[in-house]
K.L.:
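Below is one structure. I have some questions about it.
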Amino acid sequence: SSAKPADTLDLERVRRIEEPHISLTRPFYLPEHQIAGFVRELESCLRGLAPLAVGFEQISTYENEKQDRGFVAVDVGYGEESVRRVLDRVDRLMAKFGQRKFFRAPRFHVSLLSVDLALADGAMGKIGAALGAAIDEEIAHLAAMRIDEVECVFGNKKFGISLGAE
């Protein structure tokens with residue numbers, strides 16, 4: 001039979017995140033002619049902020065707003081207030097450009113795995129059960145991580161903004 005047991009996960013639906021990051025915006029669109037100005041203003045609003053140190057607490061699962069993609073992530077514990085200070089500045093800039101602010105009660109995290117939920121019923125619970133304990137143990141051994149740059153991505157264009165630059 002080609003039917004799969006309900007308690008197995010189709011690993012074809014799971015992808016490793018190639019560039020793990022802490023998101024500070026929801027996905028958004030800017031017309032091409034506004035991108036350079038947005039990046040300049042982002043550089044300006046982040047000027048003077050020192051590099052951040054973050055540490056990780058636990059493994060969590062998240063779903064996107066459409067609920068068609070899930071993520072396995074490590075939550076930021078140490079350094080959360082520093083990340084929030086950056087977010088406050090980014091949110092003000094987003095509002096200035098007519099874009100939605102980030103979530104009202106953000107949970108800062110670094111996504112490690114992405115899961116296509118379209119045909120993977122209950123996948124996030126299965127992944128959490130399968131990986132949770134093993135990853136939690138590894139997270140306990142992670143040292144704080146230094147963040148020196150905020151990256152802004154529009155399509156295939158990436159702009160790096162150094163923290164600590166005057």
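Numbering starts at 1 and runs along the sequence shown. Every heavy atom of this structure was used, including side-chain atoms; hydrogens, water molecules and symmetry mates were not.
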K.L.:
What residues, two or more places apart in sequence or in another chain, satisfy side-chain contact (heavy atoms from CB on, under 4.5 Å) together with I161?
P.N.:
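Here the qualifying residues are L42, E43, L46.
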
K.L.:
For the pair D148 and R146, evaluate salt bridge (charged side-chain N to carboxylate O under 4.0 Å, His left out) and give the outcome as yes or no after the intermediate values.
P.N.:
CA-CA 6 Å; D148 295 306; R146 182 180 162 115; 2.5 Å; yes

K.L.:
Contact between I35 and F159 at the side-chain level, heavy atoms closer than 4.5 Å - yes or no?
P.N.:
yes

K.L.:
Quick one, Y62 and D75 - any side-chain contact, counting heavy atoms below 4.5 Å?
P.N.:
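They are in contact (side-chain heavy atoms under 4.5 Å apart), so the answer is yes.
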
K.L.:
Cluster question for you: counting only ILVMFWY and a side-chain heavy-atom cut-off of under 4.5 Å, with indirect links fine, are V90 and F97 together?
P.N.:
yes

K.L.:
Kindly indicate whether the side chain of L117, heavy atoms from C-beta on, has any atom under 4.5 Å from the side chain of E63.
P.N.:
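In short, these two side chains touch, coming nearer than 4.5 Å.
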
K.L.:
Determine all donor-acceptor pairs shorter than 3.5 Å in which one atom belongs to a side chain in residues 22-32; sequence neighbours excluded.
P.N.:
| from | atom 1 | to | atom 2 | distance (Å) |
| --- | --- | --- | --- | --- |
| S23 | OG | H21 | NE2 | 3.3 |
| R26 | NE | K101 | O | 3.3 |
| R26 | NH1 | E65 | OE2 | 2.7 |
| E32 | OE2 | K157 | NZ | 2.5 |

K.L.:
With a cut-off of 6.0 Å (strictly less than), are more than 12 heavy atoms of other residues, nucleotides or ligands near CZ of F103?
P.N.:
yes

K.L.:
Taking atom CZ of F102 and atom CG of D88, what is their separation to the nearest 0.5 Å?
P.N.:
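One finds 12.0 Å between CZ of F102 and CG of D88.
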
K.L.:
Using the side-chain contact (heavy atoms from CB on, under 4.5 Å) criterion, which residues pair with E19? Sequence neighbours excluded.
P.N.:
E151, K158

K.L.:
Just wondering, do V76 and F56 contact through their side chains at under 4.5 Å, heavy atoms?
P.N.:
yes

K.L.:
Testing the basics here: between G77 and E57, what is the closest heavy-atom pair and its distance to 0.1 Å?
P.N.:
CA-CG, 3.3 Å

K.L.:
If I take atom CG from residue L49 and atom CZ from residue R47, how far apart are they, to the nearest 0.5 angstrom?
P.N.:
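That separation rounds to 11.0 Å.
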
K.L.:
Do you know the tightest heavy-atom contact between S111 and P20?
P.N.:
O-CB, 3.8 Å

K.L.:
Would you please name every residue forming a side-chain contact (heavy atoms from CB on, under 4.5 Å) with N64, sequence neighbours left out?
P.N.:
K66, D68, R69, F71

K.L.:
Could you pull out every donor-acceptor pair under 3.5 Å between side chains of residues 79-86 and any protein atom, sequence neighbours left out?
P.N.:
| from | atom 1 | to | atom 2 | distance (Å) |
| --- | --- | --- | --- | --- |
| E80 | OE2 | R84 | NH2 | 3.1 |
| S82 | OG | R85 | NH2 | 3.1 |

K.L.:
Can you list the residues that meet the side-chain hydrogen bond (donor to acceptor under 3.5 Å, both in side chains) rule with E41, with sequence neighbours excluded?
P.N.:
K96

K.L.:
Over all heavy atoms of both residues, which pair between A73 and H109 is shortest? Give the atoms and the distance, please.
P.N.:
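Reported closest heavy-atom pair: CB-CD2, 3.5 Å.
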
K.L.:
How far does CD of E18 sit from OG of S114, to the nearest 0.5 angstrom?
P.N.:
11.0 Å

K.L.:
Please step through side chain to side chain contact (heavy atoms under 4.5 Å, CB included) for the pair F38 and L93, ending with a clear verdict.
P.N.:
CA-CA 8 Å; F38 181 91; L93 180 60; 3.8 Å; yes

